[in-house]
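In what follows, a structure is listed as structure tokens, so that the remarks can point back to it.
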Amino acid sequence: MSTPILATKLYIPPPRPNAVSRPRLIERLNQGLQLGHKLTLIYAPPGIGKNTQVTELLAKREEDHIRHRASDLPHKVAWLSLDERDNDLTRFLAYLVAALQMLAPDIGEGALAAIQSSQPPNEEILTGLLNEITAVSDPVRRTGFILVLDDYHLIDTPAIDEALTFLLDHLPPNVYLIIATREDPQLPLARLRARGQLTELRVADLRFTYAEAADFLNQAMGLNLTENDIATLENRT
């Protein structure tokens with residue numbers, strides 16, 4: 001039985017028009033990709049700017065590609081916004097394949113046929129999906145991509161964590177995973193951290209510096225505050 005796909009869950013949110021540019025964070029994220037970190041984890045409570053940071057990074061990479069200044073790192077993106085209904089492994093994988101098919105229409109057809117035929121998802125299906133991902137991610141031809149899973153904190157099914165861990169452990173070169181979440185996912189973060197395969201942005205990283213607070217209050221909000229007022233607000237918030 002096929003899973004109906006809500007297409008809007010696969011769209012990259014547009015950058016906010018009044019967002020404060022934060023080059024230091026973009027540099028951190030890009031550095032992780034350049035170092036070959038397979039997982040980038042953006043962890044913070046709501047309202048801190050996780051989604052904004054990811055969309056700014058993606059917009060900047062696309063801009064660099066258009067201007068012919070792109071590095072060997074990919075600019076193509078598969079995006080999946082998760083919700084509570086995705087706490088079923090079959091549904092999760094169906095949406096994951098749908099997100100990947102936004103980049104390569106035929107990718108994951110075998111996995112999709114298997115899970116839609118009521119066959120329980122297993123390592124064999126995941127291996128087939130990985131092989132198809134590998135086939136379309138050629139570092140020489142720069143056909144790799146970034147996969148973004150937004151709101152992963154809504155996932156609390158161990159089988160999904162296990163499947164994602166298997167995929168993460170075997171991702172081919174030039175394919176990178178970004179997870180935005182309000183809590184640490186049940187993934188092997190300690191192992192990835194020890195192996196130098198993890199980039200992390202947490203609350204302390206996402207917190208505004210004084211200069212960023214000034215840009216937000218005076219440029220984005222148009223408040224024309226004094227330096228003392230900005231320092232007071234920045235310290236209190």
Side-chain angles (χ1 to χ4, degrees), residues 1-16 19 29 38-58 77-103 107-109 111-123 125-126 128-130 133 145-171 175-190 192 198-203 205-206:
M1 180 176 177
S2 62
T3 300
I5 298 298
L6 181 61
T8 51
K9 286 164 59 72
L10 313 178
Y11 295 163
I12 303 173
R16 295 184 179 181
L29 294 171
K38 287 303 178 184
L39 175 61
T40 296
L41 181 68
I42 303 180
Y43 167 98
I48 299 297
K50 301 182 296 296
N51 189 281
T52 300
Q53 248 354 96
V54 176
T55 53
E56 184 183 357
L57 169 69
L58 302 180
V77 179
W79 181 286
L80 175 55
S81 295
L82 296 164
D83 58 50
E84 294 89 344
R85 295 168 296 177
D86 298 324
N87 267 297
D88 171 80
L89 180 56
T90 297
R91 177 184 170 93
F92 177 86
L93 289 176
Y95 265 103
L96 181 64
V97 169
L100 296 174
Q101 288 182 340
M102 298 291 283
L103 301 180
I107 194 171
E109 286 293 342
L112 200 58
I115 61 177
Q116 288 179 349
S117 65
S118 300
Q119 179 178 346
N122 52 37
E123 187 172 311
I125 292 175
L126 295 176
L129 179 58
L130 277 164
I133 291 173
F145 57 87
I146 297 169
L147 170 63
V148 179
L149 299 179
D150 192 23
D151 288 336
Y152 194 81
H153 57 274
L154 297 173
I155 300 299
D156 57 11
T157 300
I160 295 177
D161 295 326
E162 292 169 7
L164 191 59
T165 296
F166 181 81
L167 293 173
L168 188 58
D169 284 343
H170 299 90
L171 278 180
V175 175
Y176 306 87
L177 176 63
I178 296 178
I179 291 179
T181 179
R182 297 180 187 177
E183 58 187 46
D184 275 342
Q186 297 302 306
L187 301 175
L189 300 182
L192 292 169
L198 176 64
T199 297
E200 298 175 85
L201 289 184
R202 295 181 176 270
V203 176
D205 304 300
L206 295 170

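Looking at residues two or more places apart in sequence or on another chain, you find no side chain to side chain donor-acceptor pair (under 3.5 Å) involving D88. In this view, T199 and H37, T40 satisfy the side-chain contact (heavy atoms from CB on, under 4.5 Å) rule, not counting sequence neighbours. Scored by the side-chain contact (heavy atoms from CB on, under 4.5 Å) test, N51 finds P13, T55, W79, D150 as partners (sequence neighbours excluded). The ring-ring contact (aromatic ring centres under 6.0 Å, His included) check on F166 picks up H170, with sequence neighbours excluded. Evaluation of the side chain to side chain donor-acceptor pair (under 3.5 Å) rule for E162 yields no partner, not counting sequence neighbours. With sequence neighbours left out, the side-chain contact (heavy atoms from CB on, under 4.5 Å) criterion links N87 to I155, D156, T157.
At most 12 non-hydrogen atoms from other residues, nucleotides or ligands lie less than 6.0 angstrom from CD of Q186.
Nearest heavy-atom pair across D86 and S81 is OD2-O, 4.1 Å. When every heavy atom of A94 is checked against every heavy atom of I5, the shortest pair comes out as O-CD1, 4.0 Å. Shown here for G108 and V97, the closest heavy-atom pair between the two residues is O-CG1, 3.8 Å. Between A78 and A99 the shortest heavy-atom distance is CB-O, 3.6 Å. Heavy atoms only, all atoms of each residue included: Q101 and E109 are closest at NE2-OE2, 3.2 Å.
Using a 4.5 Å heavy-atom threshold, the side chains of V54 and I42 count as touching. Side-chain contact check for L112 versus L129: every heavy-atom pair is 4.5 Å or farther apart. L187 is listed as a side-chain neighbour of L164, based on a closest heavy-atom distance under 4.5 Å. A heavy-atom distance below 4.5 Å is found between the side chains of Y152 and D161. At least one side-chain heavy atom of F145 sits under 4.5 Å from a side-chain heavy atom of I133. No side-chain heavy atom of Y176 sits under 4.5 Å from any side-chain heavy atom of L147. Counting heavy atoms from C-beta outward, D184 and R202 have side chains that approach closer than 4.5 Å. Taking 4.5 Å as the limit, every side-chain heavy atom of V148 sits out of range of all side-chain heavy atoms of I179.
Put simply, CG on L171 and CG on L177 are 7.0 Å apart, with the number rounded to the nearest 0.5 Å. Atoms CZ and CD1, on F92 and I115 in that order, are 11.0 Å from each other to the nearest 0.5 Å. M102 contributes atom CE, which lies 11.0 Å from atom CG of L80 (distance to the nearest 0.5 angstrom). Taken from CG in L93 to CG in L126, the straight-line distance is 6.0 Å, to the nearest 0.5 Å.
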Could you please spell out the steps behind the side chain to side chain contact (heavy atoms under 4.5 Å, CB included) verdict for I178 and L149?
CA-CA 6 Å; I178 296 178; L149 299 179; over 6 Å; no
Using the side chain to side chain contact (heavy atoms under 4.5 Å, CB included) rule, take I146 and L58 through it: C-alpha gap first, then chi angles, then the decisive distance, then the call.
CA-CA 9 Å; I146 297 169; L58 302 180; 4.3 Å; yes
Residue pair D151, R182: steps toward the salt bridge (charged side-chain N to carboxylate O under 4.0 Å, His left out) verdict:
CA-CA 7 Å; D151 288 336; R182 297 180 187 177; 5.0 Å; no
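The one candidate from L198, T165, L41 that meets the side chain to side chain contact (heavy atoms under 4.5 Å, CB included) condition with L192 is L198. The only option from L10, T90, L100 that meets the side chain to side chain contact (heavy atoms under 4.5 Å, CB included) definition with Y95 turns out to be L10.
One finds no salt bridge joining D169 and K38 here, because no Lys/Arg side-chain nitrogen approaches an Asp/Glu carboxylate oxygen to under 4.0 Å.
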